[in-house]
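The structure under discussion appears below in the form of structure tokens.
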Amino acid sequence: MDQTKIGGFISERRRANGWTQNQLAEMLGITNKAVSKWETGRSMPDLSLFPQLCNLLGITLNELFAGECIPEGNLREKTDEVLLEVITNWLGHNQWDEDVPPAAENALEVCGVSKVYGSGDAPTQAVKNVSFQIPRGSFTGIMGASGCGKTTLLHLIATIDKPTGGTVRISGRDVTALSESEAARFRREHLGFVFQEYNLLDTLTIYENIALALTVKAAPKDTIRKTVLDVSEKLGISSVLDQFPYEVSGGQRQRCACARALAADPDILLADEPTGALDSQAARQLLDTFSMLSREYGVTILMVTHDVLSASCCDRIFFMQDGEIRTSMSRNQENRQAFFAGILEKMAWMEEENRDVR
Ligand SMILES: Nc1ncnc2c1ncn2[C@@H]1O[C@H](COP(=O)(O)OP(=O)(O)OP(=O)(O)O)[C@@H](O)[C@H]1O
């Protein structure tokens, strides 16, 4: 395997697309320096980035690996064999023999999870011995006042941060045991994120922003197209696919972020205050879309919020206080107004309990 030739090939294809190293790095979610190192043959891209890279550059994985060193006439018959050998050598083991774990009933299992920030005289225990499970296809909320530990807990679940104690299982896999690079790959392949800020790339159209997530899965172009159109229809943004993020409304931008997360078919969609930057009508639309996605399409959603209206759209809510899950509520057959009233009551009860303790 000739790193310099592969790097040269990446560079040539990038230029042919009219992109700078910066632009390619931005699309891949990596640093400019990493792209520069590949192109000069000083390093190779992480294996998990290859499918995305190929899709962006409009080449197959086989072409990228073998095209530069196998005569073109022999390419068709040789490439699969060469590719497999290159990847196997590179990994030092045969990745393709990996056991695929059976689908777990719970999308998420959080078991005795704690997080302490800092040490010495003033450590902060942000999350204290938290345990809960989330079944597949449910829409769950984590609710609590500012500083109670919601975001910290979400980051621990999202593999962005490591707990001080306990385990997090996603689709049966213990994600707390992953190394940093394994966690990065896990996030790309198994998790979808929707944040308060939309995190869309302004230089790409809405269509391209949604398609970007799919390239990670090395899907063929027509599959990408079908998925983007399908997911856009579900989210009601089919009419703005050719526009750029700055040309559409905040609500449409957030639904685009949601479509991008869903297009890669994640095990869980993690949302952190997703309605925070939206007006009330757009917020309502997004929440109704979340409910519809879990009810009709079996999407598992975990949303962190301090907003009672957002929480009232969930099937189940966990109430957090001072780093702990104090109590939970299920909506069951209740309508949204009744659930909303129930949440307010529960919050008042928690406040009263707190006063009594003090
Ligand atoms: N990196 C950090 N280092 C030290 N302490 C931290 C860090 N991140 C969070 N904390 C502390 O941990 C506690 C929980 O914070 P966290 O951001 O998880 O709460 P939150 O409920 O998400 O709040 P908000 O709704 O305001 O975002 C707070 O006391 C916070 O100050």
Side-chain angles (χ1 to χ4, degrees), residues 108-134 139-168 170 175-176 178 180 183-184 187 191-199 250 254 257-258 261 268-280 282-283 286-287 290 300-314 316-329 340 343-344 346-351 353-355 357-358:
L108 173 69
E109 290 166 345
V110 176
C111 201
V113 163
S114 300
K115 177 73 185 178
V116 180
Y117 288 114
S119 54
D121 290 345
T124 306
Q125 180 142 23
V127 174
K128 300 174 191 164
N129 195 23
V130 164
S131 298
F132 63 90
Q133 286 122 35
I134 292 186
F139 179 16
T140 307
I142 295 181
M143 217 197 149
S146 179
C148 74
K150 304 180 296 292
T151 301
T152 301
L153 179 60
L154 196 75
H155 285 183
L156 298 175
I157 293 168
T159 77
I160 292 168
D161 204 355
K162 282 217 185 276
T164 324
T167 54
V168 174
I170 295 177
V175 297
T176 49
L178 300 177
E180 220 169 279
R187 284 195 292 276
L191 303 179
F193 294 94
V194 180
F195 296 114
Q196 185 170 335
E197 318 79 44
Y198 319 109
N199 291 327
Q254 190 58 303
C258 186
I268 310 185
L269 183 71
L270 298 170
D272 193 354
E273 302 281 8
T275 59
L278 303 180
D279 62 44
S280 59
L286 183 76
L287 294 164
F290 277 174
T300 310
I301 304 170
L302 177 62
M303 175 175 74
V304 154
T305 184
H306 65 267
D307 174 42
V308 182
L309 188 73
S310 300
S312 69
C313 296
C314 299
R316 189 163 186 212
I317 306 167
F318 292 101
F319 293 86
M320 245 185 129
Q321 198 173 48
D322 299 331
E324 291 175 295
I325 300 279
R326 284 283 310 281
T327 181
S328 69
M329 263 180 93
F340 182 92
I343 296 169
L344 288 176
K346 184 74 90 177
M347 289 169 71
W349 169 82
M350 279 169 60
E351 227 166 80
E353 288 259 300
N354 255 5
R355 262 202 304 270
V357 171
R358 283 187 206 128

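Read the numbers this way: they start at 1 and go in the same order the structure lists the ligands and their atoms.
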Pairs under 3.5 Å, N/O atoms on ligand 1 and on the protein: can you put them in a table with the distances?
unit_1, atom_1, unit_2, atom_2, d
ligand 1, 18 (O), T152, N, 2.9
ligand 1, 18 (O), T152, OG1, 2.5
ligand 1, 19 (O), G149, N, 3.2
ligand 1, 21 (O), G147, N, 3.3
ligand 1, 21 (O), C148, N, 3.1
ligand 1, 21 (O), G149, N, 3.0
ligand 1, 21 (O), K150, N, 3.1
ligand 1, 21 (O), K150, NZ, 3.0
ligand 1, 22 (O), T151, N, 2.8
ligand 1, 22 (O), T151, OG1, 2.8
ligand 1, 23 (O), G147, N, 2.8
ligand 1, 25 (O), K150, NZ, 2.9
ligand 1, 26 (O), S146, OG, 2.6

Inset, instruction - For residues Q125 and T164, determine if any side-chain heavy atom of one lies less than 4.5 Å from a side-chain heavy atom of the other. - result: no
Inset, instruction - Answer whether the closest heavy-atom distance between the side chains of M303 and L287 falls below 4.5 Å. - result: yes
Legend entry - Donor-acceptor contact below 3.5 Å, side chain R187 vs main chain T159: yes
Legend entry - Parallel, tilted or perpendicular: ring planes of F318 versus F132, cut at 30 and 60 degrees: tilted
Inset, instruction - Identify the two heavy atoms, one from P123 and one from V116, that lie closest to each other, and give their separation to 0.1 Å. - result: CB-CG1, 3.7 Å
Inset, instruction - Could you pull out all residues at least two apart from F193 that satisfy ring pair (Phe, Tyr, Trp, His ring centres under 6.0 Å)? - result: F195
